[in-house]
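Let me begin by presenting the structure, written as structure tokens, before commenting on it.
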Protein chains: 2
Amino acid sequence: MTQKQTSRTTRRKAGSYTIHDVAALAGVSSITVSRYFNSPEKVSVALRERLREIIDRIGYVPSQVAGGLASGHGRVVCAVMQNIASATFADLVKGMTDELQASGLQLLLANAQYSQELEEQAIRTFVGWHPTALILTRHDHTPAAEAMLRALNIPVIEAWGLVPGRPFHQVGFPHIETGAILARHFLEQGATRIQFVMSHTTEDFRAKQRAQGYAQAMASAGLKADVQVIAQDDEFEAGAMGIEALSRLAANCRPQALIFANDNMAAGAILHAPACNLVLPRDCAIAGFGDASISARLRPALTTLRPARYQIGQHAARTVLQQLTLGPARDNTVVEDLLPCELVIRESSQLHL
Amino acid sequence: MTQKQTSRTTRRKAGSYTIHDVAALAGVSSITVSRYFNSPEKVSVALRERLREIIDRIGYVPSQVAGGLASGHGRVVCAVMQNIASATFADLVKGMTDELQASGLQLLLANAQYSQELEEQAIRTFVGWHPTALILTRHDHTPAAEAMLRALNIPVIEAWGLVPGRPFHQVGFPHIETGAILARHFLEQGATRIQFVMSHTTEDFRAKQRAQGYAQAMASAGLKADVQVIAQDDEFEAGAMGIEALSRLAANCRPQALIFANDNMAAGAILHAPACNLVLPRDCAIAGFGDASISARLRPALTTLRPARYQIGQHAARTVLQQLTLGPARDNTVVEDLLPCELVIRESSQLHL
DNA sequence: TTGTAGGCGTTATCAC
DNA sequence: GTGATAACGCCTACAA
């Protein structure tokens with residue numbers, strides 16, 4: 001009864017089995033098979049065993065798409081990265097996928113290349129997936145994006161940076177502060193001429209935030225900020241140009257310390273220093289950001305900041321899972337999770353005044 | 001008749017608009033709105049304009065989930081990577097997402113960490129998404145995985161490596177061959193003692209393939225292969241250990257050239273050489289694999305192989321799109337797309353015999 | 001160019 | 001513990 005093939009032209013999905021096929025084979029109704037997957041404890045042990053056997057035998061896999069539609073929420077967590085190809089975001093992604101692995105949630109990724117517009121577009125696309133949660137990696141969205149986020153009514157997490165007072169859960173660390181940390185590291189050693197070196201073409205707006213933090217720390221110390229912007233795409237080359245420019249200044253007026261926007265630039269400087277007849281850190285102290293894998297191996301080994309990249313991704317995903325279990329955080333719950341960004345002091349930042 | 005709200009407790013989705021809402025507002029039927037999205041040319045210009053206005057105003061976004069279910073194929077391309085956090089796979093992913101961007105297809109990612117079992121699990125999960133296509137990054141699947149792939153009946157692409165005779169479309173280059181290329185590079189310079197250095201804990205089975213290619217090339221030249229396996233997790237450290245081991249051998253019997261499993265190991269060796277009182281490449285020529293960004297900046301600059309990572313990802317995605325447009329490739333179409341893996345000769349591999 | 005009917009595979013709701 | 005029924009939001013097929 002309840003014959004499926006109502007008419008001759010009824011649509012039929014390719015060859016794959018459905019929950020009804022499994023149910024028919026087991027001689028039960030399809031809802032029971034559904035329960036087998038979603039709340040096995042409600043199915044008798046004997047039946048459970050029988051279903052398992054059948055499912056294994058025919059290789060049935062429940063359709064996420066149909067399940068998502070019926071239950072009202074797709075089984076996806078969507079994440080908008082700023083630069084998928086960078087080590088930073090790769091680590092974030094790995095943290096997320098590892099954490100999501102067991103939950104049956106899939107990670108849907110988009111890349112915004114540090115652009116607000118692309119981010120908005122990605123969010124718009126994601127809305128169509130009715131995601132379980134959304135993970136973003138910046139705080140300044142377009143008004144349209146911000147409106148969508150509020151309307152979505154699902155957990156939204158802003159990871160990587162940490163900005164107080166946002167309406168969404170934060171996981172990460174304050175980037176402005178990191179610039180200040182490096183500045184103070186040199187100020188405490190008695191430096192007075194500290195330069196921040198960044199690339200003109202830096203898409204990464206976070207580098208600008210670090211420059212800002214650096215400038216604030218300098219101002220607090222009553223010193224003049226000195227941000228050098230280099231017009232060169234390649235980060236290593238830009239770093240090399242930064243150190244070379246320094247080498248042309250008279251020793252008594254050139255910066256005593258250089259803070260590079262990231263470790264790649266700093267590495268470029270360290271590797272190029274011998275060609276400029278500079279001995280580091282004697283002639284100039286150096287620091288970077290990001291703790292690239294090469295940094296500890298350079299000579300001098302590079303002082304840098306080590307953000308907990310993987311952990312931030314992991315924590316963001318974990319937060320999603322928690323909010324799903326516990327429901328949206330109660331009104332005054334802490335929604336700012338500060339993850340460490342550790343200052344790793346190595347040889348390169350040792351000042352020789 | 002056919003009243004929708006049959007009973008009082010009928011399920012209602014949250015607040016988001018549906019295609020019916022849009023249709024009602026425009027005074028047309030919902031199928032027309034569907035056409036507006038899927039084949040706008042079938043909708044009159046005037047109506048198109050009106051719909052656009054309404055859709056923009058209420059911020060309607062079609063549900064991918066419902067659409068996927070109704071049309072029988074989710075709008076997703078699934079990809080199983082071996083190590084999401086590595087630069088290699090990050091570049092592949094970027095190539096794919098960039099190419100898929102405009103097509104309305106989303107990339108669903110999973111990470112297998114070089115494990116066959118995890119890959120099988122990922123494929124099983126993906127099957128539930130009824131993906132439009134599947135992109136894999138290895139060739140040796142578990143029997144169960146292989147069975148699923150055949151049953152899936154969708155485009156399956158194996159990217160990164162290139163193995164002849166596979167039933168699936170191939171995009172990449174033969175990894176075994178790359179090991180031979182490096183070996184020959186040294187053989188042609190007259191070297192007779194060439195060592196391949198890899199890490200014991202290398203998960204990357206591709207490194208083993210390169211070692212194999214190296215060994216074959218050595219055999220062809222009538223020379224003995226010499227594969228050194230170093231028990232050390234950290235790649236840079238392993239490379240450093242490799243060069244240090246060499247430094248302890250008498251100059252007249254130690255390897256004249258070292259082929260490292262990857263650029264990180266080679267970089268570790270180059271950076272550690274001064275500490276071993278070795279001058280490179282005079283005391284030993286060096287080559288790596290992967291063309292890491294640092295490699296060109298090292299002194300000596302590192303000779304390496306440069307796989308077209310981004311292009312492989314891009315090409316894989318493009319192949320998916322093509323197969324969707326043109327239908328599955330005709331019987332005897334070429335299904336092996338060889339993408340370049342270029343030998344980049346730099347200072348480090350210059351032999352001094 | 002536009003509309004009607006019904007199904008895609010699953011789950012929520014209520015009943016037994 | 002198990003089942004009948006009706007959605008979920010959209011799209012294919014066919015009709016006008």
Side-chain angles (χ1 to χ4, degrees), chain A residues 1-24 26-48 50-51 60-75 104 127-130, chain B residues 1-24 26-48 50-51 60-75 104 127-130:
Chain A
M1 71 306 301
T2 319
Q3 272 287 109
K4 293 299 280 305
Q5 41 270 40
T6 25
S7 67
R8 63 276 148 212
T9 333
T10 178
R11 275 186 287 171
R12 288 256 129 258
K13 186 66 186 305
S16 71
Y17 291 100
T18 74
I19 203 172
H20 301 294
D21 300 323
V22 178
V28 298
S29 99
S30 52
I31 187 65
T32 303
V33 181
S34 173
R35 289 200 183 98
Y36 168 80
F37 284 105
N38 299 308
S39 33
E41 73 282 359
K42 293 186 178 170
V43 177
S44 70
V45 179
L47 187 48
R48 223 139 72 185
R50 193 144 50 91
L51 286 173
Y60 166 73
V61 180
S63 163
Q64 299 297 322
V65 182
L69 178 58
S71 65
H73 46 263
R75 275 115 169 69
V127 168
W129 282 98
H130 295 287
Chain B
M1 70 305 300
T2 319
Q3 271 287 110
K4 296 298 278 303
Q5 41 270 41
T6 27
S7 65
R8 60 281 147 207
T9 332
T10 179
R11 271 187 289 174
R12 288 258 130 253
K13 186 66 186 303
S16 73
Y17 290 101
T18 74
I19 202 171
H20 300 293
D21 299 324
V22 177
V28 298
S29 96
S30 53
I31 186 65
T32 304
V33 182
S34 171
R35 289 200 183 99
Y36 168 81
F37 284 106
N38 300 309
S39 34
E41 73 283 0
K42 292 186 179 170
V43 178
S44 70
V45 179
L47 188 48
R48 222 140 69 187
R50 194 145 50 91
L51 285 173
Y60 167 73
V61 180
S63 162
Q64 299 297 323
V65 182
L69 178 59
S71 66
H73 46 263
R75 275 117 169 68
V127 167
W129 282 97
H130 294 288

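Each chain gets a letter, A, B and so on, in the order the sequences are listed, and its residues count up from 1.
- Atoms CZ (A:R75) and P (C:dG9) sit 16 Å apart, rounded to a whole Å.
- The backbone N or O of A:G104 sits nowhere less than 3.5 Å from a side-chain atom of A:R75 that would complete a donor-acceptor pair.
- Minimum atom distance to the side chain of B:L69 is reached by D:dG9, of the listed D:dC10, D:dG9, D:dT12.
- Interatomic distance, CZ of A:R35 versus CG of A:L47, reported as 11.0 Å (0.5 Å rounding).
- Among all heavy-atom pairs drawn from B:A26 and B:R50, the shortest one is O-NH1, 2.7 Å.
- For B:R35, the side-chain atoms get nearest to C:dG3 when compared with the rest of C:dT10, C:dG3, D:dT2.
- Without hydrogens or angle criteria, B:T32 side chain to B:V28 main chain gives no donor-acceptor distance under 3.5 Å.
- Near DNA chain D, meaning a heavy atom under 4.0 Å away, the residues from residues 38-48 of chain A are A:K42, A:V43, A:S44, A:L47.
- One N or O on the side chain of A:D21 and one on the backbone of A:T18 form a donor-acceptor pair closer than 3.5 Å.
- In terms of phosphate contacts, B:S29 brings a side-chain nitrogen or oxygen within less than 4.0 Å of OP1 or OP2 of C:dG3.
- A distance of 7.0 Å separates CD1 of A:I19 from CZ of A:F37, quoted to the nearest 0.5 Å.
- Comparing A:G27 and B:Q64 by the nucleotide of DNA chain D that holds the closest heavy atom to each, the one mapping nearer the 5' end is A:G27.
- Here the CG atom belonging to A:L69 is positioned 6.5 Å from the OG atom belonging to B:S63, to the nearest 0.5 angstrom.
- Rounded to 10 degrees, the angle separating the terminal axes of the helix from C:dT1-D:dA16 to C:dC16-D:dG1 is 20°, with each axis obtained from five end pairs.
- Of the possible polar contacts, one joining the B:R48 side chain to the B:V43 backbone as a donor-acceptor pair under 3.5 Å is found.
- Side chain of B:S71, nearest nucleotide from D:dC11, D:dG9, D:dG3: D:dC11.
- B:S34 has a side-chain polar atom (N or O) that falls below the 4.0 Å cut-off from OP1 or OP2 of D:dC11.
- The nearest whole Å value for the distance from the NE2 atom in B:H20 to the P atom in C:dG6 is 15 Å.
- Of the residues near DNA chain D, B:I31 and B:V65, the one whose nearest nucleotide (by heavy atom distance) lies more toward the 5' end is B:V65.
- Taking atom CZ on B:F37 and atom C1' on D:dG9, their separation rounds to 13 Å, with Å as the unit.
- Whole-Å rounding puts the A:R50 CZ to D:dG1 P distance at 16 Å.
- Using a 4.0 Å heavy-atom cutoff across all strands shown, A:Y60 reaches sugar-phosphate atoms only and no base atom.
- Residue B:T32 is classed as a sugar-phosphate contact, given heavy-atom separations below 4.0 Å to backbone atoms only.
- Taking atom CG on B:L51 and atom P on C:dG3, their separation rounds to 10 Å, with Å as the unit.
- How far CD of A:Q64 is from OG of A:S71: 9.5 Å, rounded to the nearest 0.5 Å.
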